[in-house]
Amino acid sequence: MSSIHLGKIDTSVKFNNQIDCKNYLVDGELKNWEGNTSNVYSTIYTENSKDEVGPTLLGSIPDMETDAAIDALNAAEKAFNRGQGAWPTMKVKDRLKCLETFAGKMKEHREQVVELLMWEIGKNKADSYKEFDRTVDYIYDTIEAYKKLDRKSAKFDKQAGIHAHIRRGPLGVVLCLGPYNYPLNETFCLLIPAIIMGNTAIFKPAKHGVLLITPLLKAFHESFPPGVVNIVFGRGRKIASPIMETGKIDVLALIGHSTSAVALQDLHPNKNRLRLVLGLEAKNPGIILPDADLDLTIKECISGTLSYNGQRCTALKMLFVHESIVDEFNTRFAKEVDKLTYGLPWDDGAFLTPLPEPNKPAYIHELIADAKAKGAKVLNKKGGKLTHNYSYPAVLYPVTKEMNVYHEEQFGPVIPVMSYKDINEPLDVMAASEYGQQVSLFGRDIRKIGPLVDVLANLVCRVNLNSACQRGPDVYPFTGRKNSAVSTLSVFDALRSFSIRTFIAAKDNSYNNEILDALMDSKESNFVNTEYLL
Ligand code: G3H
């Protein structure tokens, strides 16, 4: 382990695998980009060839223009061909084969993608491997979930003298935009179910965590028919906005901020035809009851507030502690925060790691300064210690409604703590909040917990008992109320979100029944079949 202390730069650290990506994938072709490119930097400082220390150049990506983005849209549209394309009408089992091929090829790039996750977004090694492996598992789990769904649909129903063969069909062309904090996992959790259901897609990677997609371009190219997956690089305003303006997008699949989602949605001329699959911001609270087991609570609050430096939509972003235990909680919690190890992402045991957004440390610092000016204190000694790419986690107390950190989704290492006397205080804050993703409830007394869960379940979409908030396991529903989400994602729910129920119906008479029998025997239709997918 190169012992990195906050603020010190290890000049022996180097990035040796610069990637200058000139390719993008449109209409089944890995095209060569000859226009402008943008450099991709890591906020991890290294020494360059001129012996200057600064952000590390990792490579470059095409800075694509609107024309090229529209080409990608046209390719996706052609492959879907208003539902008449080969991909949306293909046998499920043939689509699944493409996905299996892709997952196999993707696995070959594990080490390279993990290295890029660490340099591009500063995710620690263990979590970077976890993100990669979890994504591969997600693909295989999605394949199995679709087989299950298909088996359930491989039958006829009969009601009121009408036979029905009901399946789920694709919606059309999907624009897929992912976030920087899970540039692989969250994007693929949109893209994979979208294409498996027979939709076609245009995918633009996030600003940070973009180079790590480039090793996978070839795998996409070799695994899917032309136009099914189109991958473009560049700025949202030159790519996503003009694509939305055409009105040809059927599904906007985005994990990110509601302001981007709303702006893009507004550009679409036929909003009634636009389905939204959105994972947005949140301000998940931790509520700590007087009888909470403080050892367990502190451990969960550390991981809940600070895993990946708090840059998770599911992170705990506000702690409400009962006034009877707030002093003890604060003292112990602040001590534990100061014990956390900061290091470079590949250092063994590094829990806190550099922030990938160059302006994030300054933003976190502003939140701290604002809170301090309005009466809060930083409870931990190292809290707010600032470097070029980090701001050491600060525990702020007492936080009030007047402070910016009370309202804003900090998405970084600062932990606001409020005390409460009456449980209705945090409940009222949650009810008035713009967000409604999850909550963590710490306590033991079932007479308190029981009625509380009844209310909390209506304020958010997951109540975590004595544990931090999280998305996983990926088979569980991941969604939110208010500004936190639209649609539900999970291995199974995502298949539903990216599809629509559609069926063939026929009156029960000998004329129709003969046709249906013959159809099933002949295998003339990929839709009408009762084959059991193994
Ligand atoms: O950023 C939001 C992610 O979906 C959080 O996922 O709870 O597994 O870290 P996670």
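We count ligands from 1, going down the list as the structure has it; atoms in each ligand are counted the same way.
- Those atoms of ligand 1 with a heavy atom of F478 less than 4.0 angstrom away are 4 (O).
- Annotation for ligand 1: atoms under 4.0 Å from non-hydrogen atoms of Q470 are 7 (O).
- From the protein, the heavy atom lying nearest to atom 3 (C) of ligand 1 is C313 SG, 3.3 Å.
- At a 4.0 Å heavy-atom cut-off, ligand 1 touches R134 through the side chain alone.
- Only the side chain of N181 comes within 4.0 Å of ligand 1, counting heavy atoms alone; its backbone N, CA, C and O stay farther away.
- The cationic group of K207 does not satisfy the cation-pi geometry with Y180, failing either the under 6.0 Å distance to the six-membered ring centre or the 45° limit from the ring axis.
- Residue contacts with ligand 1, taken as heavy atom pairs separated by less than 4.0 Å, involve Y182 solely via side-chain atoms from C-beta onward.
- Under the 30°/60° scheme for interplanar angles, the aromatic rings of Y392 and Y390 are found to stand perpendicular.
- Shortest contact from atom 6 (O) of ligand 1 to any protein heavy atom: R471 CB, 3.3 Å.
- Relative to the six-membered ring of Y182, K123 meets both conditions, a distance below 6.0 Å and an angle of at most 45° to the axis.
- Checked by distance only, ligand 1 and T314 come closer than 3.5 Å through their nitrogen or oxygen atoms.
- Listed for the S391 side chain is no donor-acceptor partner under 3.5 Å among the backbone atoms of P413.
- For the side-chain hydrogen bond (donor to acceptor under 3.5 Å, both in side chains) with N309, the lone residue among T353, N124, N181 that qualifies is T353.
- Distances between N or O atoms of C469 and those of ligand 1 include no value under 3.5 Å.
- If you run side-chain hydrogen bond (donor to acceptor under 3.5 Å, both in side chains) between Q410 and each of K283, Q311, K317, only K283 comes through.
- Between D293 and R444 there is no salt bridge, since no side-chain nitrogen of the basic residue lies less than 4.0 Å from a carboxylate oxygen of the acidic one.
- When only interatomic distances are considered, the shortest N/O to N/O separation between E186 and ligand 1 falls below 3.5 Å.
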